[in-house]
Amino acid sequence: MTPMHLALPRKWRPRVFDDLVGQEAVARTLSNAIADGRVASAYLLTGPRGVGKTSTARMLARALNCDKGPTTKPCGECASCREILERGESLDVHEMDGASNRKIENARELIETVRYAPQRDRFRIAIIDEVHMLTTEAFNALLKTLEEPPAHARFILASTELHKIPPTIVSRCQRFAFRALTVTEIAAQLARVSKAEKIDATPGALRVLAGAAEGSLRDALSLLDQAATLAGGTVDETRCAEILALVDRDVLEGMYSSIAGGDRAAAIAALTRLTDGGADPRHVLKEFVAFLRRALLAAAGAADTRDLSKEERERLTVLSRAMPYENLLRAVALTLQAEEQVRKVDDPGLVVQMLVLKLAELPRLKDIEAAIAGAPPSAPSARPAAPSPPPRPSEAGPRIVGLVPVEPEPEEPAAAAAPPGGEAESLQRFHEILDTKRRVTAAQVSLAESIGVSGDDLVLRFGIDRAAAKEALEEHAAKKLLADAAREAGLEF
Ligand SMILES: [Zn+2]
């Protein structure tokens with residue numbers, strides 16, 4: 001693989017308080033407190049995602065533990081500074097992310113660790129990201145430590161959901177509220193980054209990207225990264241609009257694939273990603289109707305494909321075959337019904353959720369019908385792997401494909417199986433990194449049957465019903481993102 005440049009969100013992570021975009025009040029208060037030697041034993045950084053909380057936590061840890069500190073201008077040279085800059089952690093600074101379930105089990109242990117004297121630096125510091133995810137047991141341990149904090153112990157807590165943190169904890173912290181950035185502020189920062197990175201982008205394009213990032217500078221930088229990679233020249237408004245539309249379509253198709261596979265949880269998760277991304281449930285439904293209509297026509301061999309590229313046509317054909325034809329018909333009928341309903345209710349989100357759950361039952365419905373008719377239910381293993389040609393309108397027979405893995409590659413299966421020991425940890429990290437960089441890609445990766453390293457390749461295997469995810473990941477920007485994340489996670493390939 002070719003060497004990859006450092007992804008923009010990481011490269012442009014703020015390293016000194018003055019770099020914090022749009023959080024001047026936080027930066028000033030923190031700097032003043034440190035300069036005056038007023039060091040609290042616990043800090044709580046709250047606010048929306050992607051605005052600099054984790055970066056600030058690390059800056060604060062450096063400020064507190066720098067050889068020349070506590071100082072508002074950590075040297076960046078001493079062992080403590082260098083370790084934190086490189087890894088976000090050091091000998092005496094421990095970072096954990098409450099959003100990672102595997103690590104949450106260790107939260108209590110980490111909190112206990114901070115009671116012990118530092119090994120080398122001034123303070124022993126625990127950085128806990130998404131602290132609201134802690135278990136009651138871990139919160140109790142934290143509270144106990146905060147009630148009688150050892151002189152050397154410092155906690156830097158961060159969270160996007162203040163209301164989920166027990167008030168007993170909040171009251172013992174010095175709190176800093178980060179705010180969502182405005183489109184203008186984000187666009188201005190994107191302009192600075194583009195100039196420094198020699199990315200040719202129009203002001204209009206930067207505003208489109210800034211608007212789509214919904215207050216998160218990190219998301220905006222990630223979008224700029226994708227746009228620059230995909231544009232291959234000037235990043236203009238049209239190109240950006242295309243990239244943003246692509247994001248929606250990927251998740252929408254992922255939802256459809258999950259429905260076709262009868263995977264309720266994945267289907268609901270995809271829907272949540274769409275609505276969390278700011279899309280109105282009514283709009284999601286409208287887009288879904290349009291997509292189903294295209295899929296149905298493709299399955300019937302009657303699609304009007306004049307506007308589609310060859311790749312898009314093939315993709316649509318594969319997707320249309322993930323569901324038996326009559327289930328596709330049922331799905332269209334149910335979705336049109338829901339579209340009627342959704343206009344009359346106060347909570348359109350609920351209607352769409354119920355619809356998705358209903359649709360995800362269709363694969364099972366098929367089996368029930370078969371059982372009633374006296375035929376043996378079709379076992380997944382007995383289903384044909386290769387899609388047959390689309391049915392003519394006169395052909396009413398069911399078509400069931402896509403519930404079995406596609407393309408089992410003829411190589412030693414152990415090589416690409418779940419990796420052992422340390423590699424499992426890297427893999428976990430890989431998912432986490434992807435999740436922070438581009439949620440859509442992370443979601444697509446999570447649909448893989450298996451992820452593993454085989455020789456010089458990172459191998460992701462997908463079932464045929466995951467064709468949309470597989471194809472989306474084959475795109476250049478996504479592949480590059482995967483390679484970056486794998487390298488950052490220490491997955492050797
Ligand atoms: Zn230092």
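In each ligand, atom 1 is the first atom listed, and ligand 1 is the first ligand listed.
- The main-chain N or O of Arg15 is found under 3.5 Å from a side-chain atom of Arg62 such that the two form a donor-acceptor pair.
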Under 3.5 Å, sequence neighbours excluded: what are the donor-acceptor pairs made by side chains of residues 70-77?
residue	atom	partner	partner atom	Å
Thr71	OG1	Lys73	N	2.9

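- With 3.5 Å as the limit, one finds a donor-acceptor pair spanning the side chains of Gln428 and Glu432.
- Take Ser216 and apply the side chain to side chain contact (heavy atoms under 4.5 Å, CB included) test, not counting sequence neighbours, and it matches Arg49, Arg218, Asp219.
- Taking distances strictly below 2.8 Å, the protein N/O/S atoms close to the Zn ion (ligand 1) are Cys66 SG, Cys75 SG, Cys78 SG, Cys81 SG.
- Side-chain contact of Thr234 with Asp200: a donor-acceptor pair under 3.5 Å is present, judged by distance alone.
- Here Thr168 pairs with Leu143, Pro166, Arg172 under the side chain to side chain contact (heavy atoms under 4.5 Å, CB included) rule; sequence neighbours left out.
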